[in-house]
Visitor: 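Take a look at the following structure, please.
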Amino acid sequence: KELDKSIQGGELFFTLVLNPNPCDDKRHRDIWSKEKTCDRLPKFLVVGPQKTGTTALYLFLIMHPSIISNSPSPKTFEEVQFFNRNNYHRGIDWYMDFFPTPSNVTTDFLFEKSANYFHSEEAPKRAASLIPKAKIITILIDPSDRAYSWYQHQRSHEDPAALKFSFYQVITAGPRAPSELRALQKRCLAPGWYATHIERWLTYFPPYQLLIIDGQQLRTDPSTVMDEVQKFLGVSPHYNYSEALTFDSHKGFWCQLLEEGKTKCLGKSKGRKYPPMDSECRAFLSSYYRDHNVELSKLLHKLGQPLPSWLRQELQKET
Ligand code: A3P
């Protein structure tokens, strides 16, 4: 354990001290080509977690005239996924190539959304070392609903384990369950340990650089959320989302309003149709996430942030 700690400490020392941000180092910049510029790095990241409404937020963000996303990566379902996993080893040039050179560095806001960053062990440390001033946006919904939506997502992508096992089997699998089931369970449940993951981001980023969005409010009242996002980012001009978004009753969600009353909604894979979670699974997950939710409420309290309504409801439930 001690060795582990000192290796982790060593890695942090290497990342932040011995290997400082090349964008801050004149010696690096002096030998770069003229075209290479650290302005081609994001000013903010939407870090997830998956299934909380990250694509809706992405669609709304790119409607803003000063907000520009990365170009899509064909390998990772459009997301760049640089700071988690192995793309990181492809280096800074690989990453910067996803971004345009901003025409106005002060007013243009480059960003990327990679929903797996949220629960990644490495992403916060790596992001803080390259883009320490970046703002971080995360969205939270009831972790039980997130887990269920994720399971449905895996089934539609024909994940063999998700097709083979019921949701109840996935969430209740014990230590002796088959390894494919255990692996699926971990991927399904672990992103919902919200407080643990947010604490990790807060080890590397100060609280004022972090925005926590209530995903339920993003779903029901996106223009209020987008006002909050614009204020948090300090982006201008102010974009009036209450005029630019409309509720599409066919889709059952808020969508972009186009000319002649047409709408642009997210595709079928966002806002999927599936049966509601049964009460047994709901009760199991409520109890599974209870301690995590208590920790989240303490953390939000410490940060001076209001509790989302789903969290208040969960905390009121009897154990
Ligand atoms: P479901 O498909 O389970 O309903 P993500 O983009 O992070 O994968 O999240 C997908 C979820 O976003 C959807 O989950 C849906 O509930 C939610 N969502 C919120 N606002 C939405 C919107 N305006 N259009 C479509 N889906 C939206």
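Each ligand, and each atom within it, is numbered from 1 in the order the structure gives.
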Visitor: For the residue pair K135 and F44, would you count it as a cation-pi contact if the rule is NZ or CZ under 6.0 angstrom from the ring centre and within 45 degrees of the ring axis?
Guide: no
Visitor: List ligand 1 atoms under 4.0 Å from Y274, heavy atoms only on the residue side.
Guide: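 Those of ligand 1 that fall under 4.0 Å from Y274 are 1 (P), 3 (O), 4 (O).
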Visitor: When you measure from atom 8 (O) of ligand 1 to every protein heavy atom, which one gives the shortest distance, and what is it?
Guide: K270 NZ, 2.9 Å
Visitor: Looking only at protein heavy atoms, which one is nearest to atom 6 (O) of ligand 1, and what is the separation?
Guide: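 Atom 6 (O) of ligand 1 sits closest to the protein heavy atom T55 OG1, 2.5 Å.
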Visitor: Working to the nearest 0.5 angstrom, can you tell me the gap between W310 CH2 and L140 CG?
Guide: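 Answer rounded to 0.5 Å: 5.5 Å.
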Visitor: Going by the order shown, which atoms of ligand 1 are within less than 4.0 Å of some heavy atom of R272?
Guide: 1 (P), 2 (O), 4 (O)
Visitor: For atom 18 (N) of ligand 1, what's the nearest protein heavy-atom neighbour? Residue, atom name and distance, please.
Guide: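 Result: F253 CE2, 3.7 Å.
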Visitor: Should F83 and L110 be counted in the same cluster of Ile, Leu, Val, Met, Phe, Trp and Tyr side chains packed under 4.5 Å apart?
Guide: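 In one cluster with F83: L110, yes.
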Visitor: Around atom 14 (O) of ligand 1, find the nearest protein heavy atom and jot down its residue, atom name and distance.
Guide: S149 OG, 3.7 Å
Visitor: Decide whether the shortest distance between a heavy atom of Y58 and an atom of ligand 1 is less than 4.0 Å.
Guide: no
Visitor: Does any N or O of ligand 1 fall below 3.5 Å from an N or O anywhere on Q50, backbone included?
Guide: no
Visitor: Taking only residues at least two apart or on different chains, which pairs with a member in residues 245-259 satisfy side chain to side chain donor-acceptor pair (under 3.5 Å)?
Guide: D248-T263
Visitor: Look at the rings of Y95 and F82 and say which category their plane angle falls in: under 30° parallel, 30 to 60° tilted, over 60° perpendicular.
Guide: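 Rings of Y95 and F82: parallel, under 30°.
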Visitor: Is any side-chain N of the basic residue among E121 and R200 closer than 4.0 Å to the acidic one's carboxylate O?
Guide: yes
Visitor: Would you mind listing which atoms of ligand 1 come within a distance below 4.0 Å of any non-hydrogen atom of G271?
Guide: 1 (P), 2 (O), 4 (O), 13 (C), 15 (C), 26 (N)
Visitor: To which of L266, D248, T54, D145 does the heavy atom nearest atom 7 (O) of ligand 1 belong?
Guide: T54
Visitor: Considering both backbone and side-chain atoms of K251, is one of its nitrogen or oxygen atoms within less than 3.5 Å of a nitrogen or oxygen in ligand 1?
Guide: no
Visitor: Ligand 1 and G53, any nitrogen or oxygen pair closer than 3.5 angstrom?
Guide: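 Min N/O separation from ligand 1 is below 3.5 Å for G53.
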Visitor: By number and element, which atoms of ligand 1 are closer than 4.0 Å to a non-hydrogen atom of K51?
Guide: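 Those qualifying, in numeric order: 5 (P), 7 (O), 8 (O), 9 (O), 10 (C).
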Visitor: Checking E112 against N70 for the side-chain hydrogen bond (donor to acceptor under 3.5 Å, both in side chains) test, could you report, in this order, the C-alpha distance in whole Å, the side-chain angles of both residues, the deciding distance, and whether it holds?
Guide: CA-CA 6 Å; E112 62 130 337; N70 59 282; 5.7 Å; no
Visitor: If the cut-off is 4.0 Å to any non-hydrogen atom of R219, which atoms of ligand 1 fall inside it?
Guide: 16 (O)
Visitor: Tell me: protein heavy atom nearest atom 23 (N) of ligand 1, and distance?
Guide: W254 O, 2.9 Å
Visitor: Please work out which of the three classes, parallel, tilted or perpendicular, describes the rings of F284 and Y288, given edges at 30° and 60°.
Guide: parallel
Visitor: Can you pull the ring-ring contact (aromatic ring centres under 6.0 Å, His included) pairs that have at least one residue in residues 257-277, sequence neighbours excluded?
Guide: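 Qualifying pairs, neighbours excluded: Y148-Y274.
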Visitor: Over 60° means perpendicular and under 30° means parallel, so tell me whether Y58 and F111 are parallel, tilted or perpendicular.
Guide: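 Rings of Y58 and F111: tilted, 30 to 60°.
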Visitor: Short list, please: which atoms of ligand 1 are under 4.0 Å from a heavy atom of A56?
Guide: 20 (N), 21 (C), 22 (C), 23 (N)
Visitor: Taking only heavy atoms of T52, which atoms of ligand 1 are found under 4.0 Å from at least one of them?
Guide: 7 (O), 9 (O)
Visitor: Quick one: sort the W201 and F205 rings into parallel, tilted or perpendicular, breaks at 30° and 60°.
Guide: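 Tilted, since the angle between the ring planes falls between 30° and 60°.
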Visitor: So is L218 polar-close to ligand 1, meaning N/O to N/O under 3.5 Å?
Guide: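 No, there is no polar N/O contact under 3.5 Å.
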